[in-house]
Protein chains: 2
Amino acid sequence: MASKENPSVNKNCPVSATIRLIGGKYKALLLWHLTGQTLRFNQLHRLVPEATPKMLTQQLRELEEDGLISRTVYPVVPPRVDYSLTALGESLFPILEAMYRWGSALMQDEGLMPACTMTDSYSTTKKEQEDCPSCSCHARSKS
Amino acid sequence: MASKENPSVNKNCPVSATIRLIGGKYKALLLWHLTGQTLRFNQLHRLVPEATPKMLTQQLRELEEDGLISRTVYPVVPPRVDYSLTALGESLFPILEAMYRWGSALMQDEGLMPACTMTDSYSTTKKEQEDCPSCSCHARSKS
DNA sequence: CGGCATCCTTCGAGATACTG
DNA sequence: CAGTATCTCGAAGGATGCCG
């Protein structure tokens with residue numbers, strides 16, 4: 001088990017166990033972005049620009065060591081590394097979706113984010129969901 | 001908005017918004033313990049002993065400032081302060097429950113926590129749920 | 001492109017002591 | 001009981017430079 005984050009916290013509590021794995025500074029966000037799609041390092045960086053490359057690497061490595069994401073290195077030049085969810089990582093979807101829904105409702109109450117609703121086709125199949133145009137979540141980079 | 005935790009993170013993303021409010025070191029855990037019951041400071045401290053009183057106060061104050069919990073001070077001696085969830089805090093239940101379920105499944109896969117299942121009466125009414133004897137979650141302190 | 005190595009600064013958080 | 005006030009230290013994390 002990697003996760004240097006939250007080294008403390010009761011070892012017998014399921015909620016603590018979950019926090020230990022996804023409670024890192026950008027972990028839930030990274031997992032959310034990786035839900036339903038494979039992304040390269042720089043794509044993730046563009047989606048989470050406030051994380052420095054060093055932090056990104058660190059968080060991604062911990063997620064990998066905890067078996068939540070898989071990292072594929074292509075021996076080409078320039079280098080290419082793909083990140084995607086493992087089965088265990090995908091099983092986090094109910095949590096991430098609940099966080100997304102709650103945050104959406106909160107932001108709407110505050111008058112932000114007018115129309116960024118999650119398509120219900122996403123919640124079950126989560127294969128090729130629609131992008132979310134009014135926020136950067138799941139907006140595939142176009143450049 | 002209080003939450004000094006995660007000061008960065010994309011401002012337009014619902015998942016980030018959620019993390020900003022419940023992403024603190026012990027926040028989700030505290031909220032989980034407060035689900036369905038009012039607790040005093042020392043009760044919370046016993047349930048989360050790895051948090052120092054200072055940290056507890058800090059996290060609880062941020063949760064209060066963010067409108068997730070309410071803090072009631074009784075002007076008696078010895079002092080007494082009760083913490084409970086607000087309506088907004090209770091609306092986090094789907095997230096916390098998802099985290100609980102996922103963590104439970106993970107721990108069972110690892111051979112830990114033999115029989116700590118969440119009673120389904122809890123998931124909807126969440127009023128007077130059964131305690132969880134094999135872990136400290138929602139185990140009301142007896143002393 | 002996707003890192004890793006170093007240096008350096010900040011600040012999270014523990015320990016301890018005190019208070020209404 | 002439920003905190004607050006200091007002091008302190010180690011680690012989180014930013015900036016920079018180099019590399020395959």
Side-chain angles (χ1 to χ4, degrees), chain A residues 2-10 16 19-20 22-30 33-34 38-65 69-84 141 143, chain B residues 2-10 16 19-20 22-30 33-34 38-65 69-84 140-143:
Chain A
S3 302
K4 293 185 168 62
E5 328 271 345
N6 284 354
S8 46
V9 187
N10 193 327
S16 296
I19 293 175
R20 225 172 290 131
I22 71 170
K25 197 171 187 181
Y26 306 106
K27 285 185 180 177
L29 195 55
L30 291 171
H33 283 307
L34 285 172
T38 294
L39 291 172
R40 299 180 58 174
F41 186 85
N42 269 356
Q43 290 179 306
L44 282 169
H45 187 34
R46 271 187 287 272
L47 290 170
V48 192
E50 61 275 7
T52 59
K54 173 186 163 187
M55 284 307 299
L56 258 189
T57 301
Q58 191 180 108
Q59 300 277 299
L60 288 167
R61 287 298 150 82
E62 289 188 13
L63 289 171
E64 187 192 6
E65 288 172 44
I69 66 173
S70 65
R71 179 172 173 268
T72 310
V73 182
Y74 296 91
V76 297
V77 45
R80 168 180 177 168
V81 181
D82 281 358
Y83 292 93
S84 61
S141 53
S143 68
Chain B
S3 304
K4 291 185 167 63
E5 328 271 345
N6 285 351
S8 46
V9 187
N10 194 326
S16 295
I19 294 176
R20 226 173 290 130
I22 69 169
K25 196 172 186 180
Y26 306 106
K27 285 185 180 177
L29 195 54
L30 291 171
H33 283 307
L34 285 172
T38 295
L39 292 172
R40 300 179 58 174
F41 186 85
N42 269 355
Q43 291 178 306
L44 282 169
H45 187 35
R46 272 188 286 273
L47 289 169
V48 192
E50 60 275 8
T52 60
K54 172 186 161 187
M55 284 308 298
L56 258 190
T57 301
Q58 192 180 108
Q59 300 278 298
L60 288 168
R61 288 296 151 82
E62 290 187 12
L63 289 171
E64 187 192 6
E65 287 171 45
I69 66 174
S70 65
R71 178 171 174 269
T72 309
V73 182
Y74 296 91
V76 297
V77 45
R80 168 180 176 168
V81 181
D82 280 359
Y83 293 93
S84 60
R140 291 187 172 78
S141 53
K142 291 117 192 168
S143 67

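Any value given below was found using the heavy atoms of this structure, including those in side chains, with hydrogens, waters and symmetry copies removed.
For the pair A:T57 and A:R61, the minimum side-chain heavy-atom distance is below 4.5 Å.
Under 3.5 Å, the side chain of B:K54 and the base of C:dG14 form at least one donor-acceptor pair of N or O atoms.
Rounded to whole angstrom, the span from the CD atom of B:Q58 across to the C1' atom of D:dT6 amounts to 15 Å. Remark: C1' of C:dA13 and NZ of B:K27 are 15 Å apart, rounded to the nearest angstrom. Per the geometry, CZ belonging to B:F41 stands 6 Å off C1' belonging to D:dA2, to the nearest Å. In this structure, the CG atom of A:L56 is 14 Å from the C1' atom of C:dC1, given to the nearest Å.
In the set C:dG3, D:dG3, D:dG14, D:dG14 carries the atom at the smallest distance from any side-chain atom of A:M55. Side-chain atoms of B:V81 lie closest to D:dG3 of the nucleotides D:dG3, C:dG2, C:dA13. Among the nucleotides D:dT4, C:dG2, D:dG14, the one closest to any side-chain atom of A:Y26 is D:dG14. The nucleotide whose nearest atom lies closest to any side-chain atom of A:P78 is, among C:dA13, D:dC1, C:dC1, C:dC1. Distance from the side chain of A:N42 is smallest to C:dC1 among C:dC4, D:dC7, C:dC1. Which of D:dG3, C:dC4, C:dG14 sits closest to the side chain of B:R61 comes down to D:dG3. For A:Y83, taking side-chain heavy atoms from C-beta onward, the closest of the listed nucleotides C:dG20, C:dA13, C:dG3 is C:dG3.
Mapped onto DNA chain D by nearest heavy atom, A:P79 and B:L60 fall at different nucleotides, with B:L60 at the one closer to the 5' end.
For the OP1/OP2 pair of D:dA2 and a distance below 4.0 Å, the side-chain nitrogens and oxygens of B:R40 include at least one atom meeting the criterion.
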